[in-house]
Amino acid sequence: MNWIYVLDDAALLEGRMVPAYPIGVNVLLARVEGVVFAVSGRCAHMACPLFTGKLDGYTITCPCHDWQYDVRTGKFLDAPEIGLTNYSTKSEDGKVFVSLK
Amino acid sequence: MNAELRKKALHYFFEKIVEPLGFKFTLDVELMNFLLDQEVILENKHGIPFCPCQPLRHKRERDMQIVCPCIPFHRKHFDEIKRCWCGLFVHKDVLDPDTLPQLPPKDVNHA
Amino acid sequence: MKKVSMYTLSTCPWCRKTKNYFTQHNIPFTYIDYDLADEATQSRILDELDAAGATGFPFVKIDDEFIVGYLPDRYAKAIGI
Ligand code: FES
């Protein structure tokens, strides 16, 4: 795995989402129950930026037309064939890393 | 925005969405163009490309279920009639969309 | 002659085909375009659609019978042609 530093662990609060752009890739980071998840940052519908949407439990809601995704898998709740790319994350020494593979 | 360009953009977004759901754009190009034209008009008016053949109820939760492509929210019905209500999308195996009757959900099983 | 009325959308191609069908068969009809109607009319139409299990347009009424969708065969049967 090729781990890329994205932000300091303390910068992402519980229940919050932030955008990050490791090597230019649009990624959405979210922390739920202490765990950091990473999925592609643009909605699978019409590419709206998801970080301005809502996070409720593990569910992300797109601000544009309310498509909902599970932040753990990236899957679109109304049709699992559709979804966001899901990236691995790890926290080490107070820093969060993402693998784009 | 230039309407022709916007139509192309909608086509690009929608194709990627309907493909994994087993649908494709209708082979009736005239119908496809007409429907996409209407969606661009609706998008200019409401900011959202709603279905041109279903009613806006002015209730967000309901209205978000008729944003194109609305297949995920009406899947059972559309799978049964092999197309979406307005006919912009048809099942991948459909070669002659004109032969598909536009049946509402209540009539599907006793057509 | 049977009384034909319909609810339609100005943006819906199937609604246009439906209107053409009745025009071509010389059958007079009235219609309301839902999207161009006022709020009170819209809510009355929605009640009728919901009661009939209709999710979209066109919605055609031939005397007391209603037909949802562009279905020429059913129109013909209902009018008796
Ligand atoms: S762009 Fe996200 S729901 Fe439409």
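Just so it is clear: chains get the letters A, B, ... in the order the sequence lines come, proteins before strands, and each one is counted from 1. For clarity, every value in this text was computed on a predicted model and none was experimentally measured.
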Peer 1: C:I45, C:I67, C:T8, C:D50: which one forms the most heavy-atom pairs within less than 4.5 Å of chain B?
Peer 2: C:D50
Peer 1: Run the salt-bridge test on B:K45 and C:D35 with the 4.0 Å N-O cut-off and return the result as yes or no.
Peer 2: no
Peer 1: Under the salt bridge (Lys or Arg N to Asp or Glu O under 4.0 Å) definition, can you give me all pairs with a residue in residues 16-25 of chain C, not counting sequence neighbours?
Peer 2: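 Passing the test, one end in residues 16-25 of chain C: C:K19-C:D33.
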Peer 1: State, with a plain yes or no, whether a side-chain heavy atom of B:H58 is found less than 4.5 Å away from one of C:E39.
Peer 2: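 They are not in contact (no side-chain heavy atoms under 4.5 Å apart), so the answer is no.
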Peer 1: Counting heavy atoms not belonging to C:Y31, are there more than 12 under 6.0 Å from its OH?
Peer 2: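 Result for OH/C:Y31: open.
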Peer 1: When rounded to the nearest 0.5 angstrom, what is the spacing between CG in C:L46 and NZ in B:K59?
Peer 2: 7.5 Å
Peer 1: How long is the straight-line distance from CG of B:L42 back to OG1 of C:T11, given to the nearest 0.5 Å?
Peer 2: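 Going from OG1 on C:T11 over to CG on B:L42, the span is 5.0 Å.
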Peer 1: So which part of B:L35 gets closer than 4.5 Å to some heavy atom of chain C, the side chain, the backbone, both or neither?
Peer 2: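 Just its side chain gets close to chain C.
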Peer 1: Is chain C contacted by the side chain of B:Q54, its backbone, both, or neither, given a heavy-atom distance below 4.5 Å?
Peer 2: both
Peer 1: How long is the gap from CD on B:Q38 to OG on C:S10, to the nearest 0.5 Å?
Peer 2: 7.0 Å
Peer 1: Chain B heavy atoms under 4.5 Å from C:Y34: which part of the residue, side chain, backbone, both or neither?
Peer 2: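 Contact with chain B is through the side chain of C:Y34 alone.
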Peer 1: More than 12 heavy atoms of other residues, nucleotides or ligands under 6.0 Å from NZ of B:K92: is that the case?
Peer 2: yes
Peer 1: Nearest 0.5 Å, what's the NE2-OG1 distance between B:H77 and C:T55?
Peer 2: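 Reported to 0.5 Å precision, the distance equals 5.5 Å.
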Peer 1: Just wondering, more than 12 heavy atoms not from B:D96 lying within 6.0 Å of its CG?
Peer 2: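 Above 12, so yes.
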Peer 1: Heavy atoms, side chains only, cut-off 4.5 Å: are B:C53 and C:P13 in contact?
Peer 2: yes
Peer 1: Please classify the contact between B:L31 and chain C as side chain, backbone, both or neither, with a heavy-atom cut-off of under 4.5 Å.
Peer 2: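 Only the side chain of B:L31 comes within 4.5 Å of chain C.
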Peer 1: Which pair of heavy atoms, one from B:P55 and one from C:F57, lies closest together, and at what distance?
Peer 2: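 Minimum heavy-atom contact is CB-CE1, 3.5 Å.
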Peer 1: What pair of heavy atoms forms the shortest contact from C:L71 to B:P101, and how long is it?
Peer 2: CD2-CB, 3.8 Å
Peer 1: Above 12 or not: heavy atoms from other molecules or residues under 6.0 Å from NZ of C:K2?
Peer 2: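 Counting other residues, nucleotides and ligands, NZ of C:K2 exceeds 12 neighbours.
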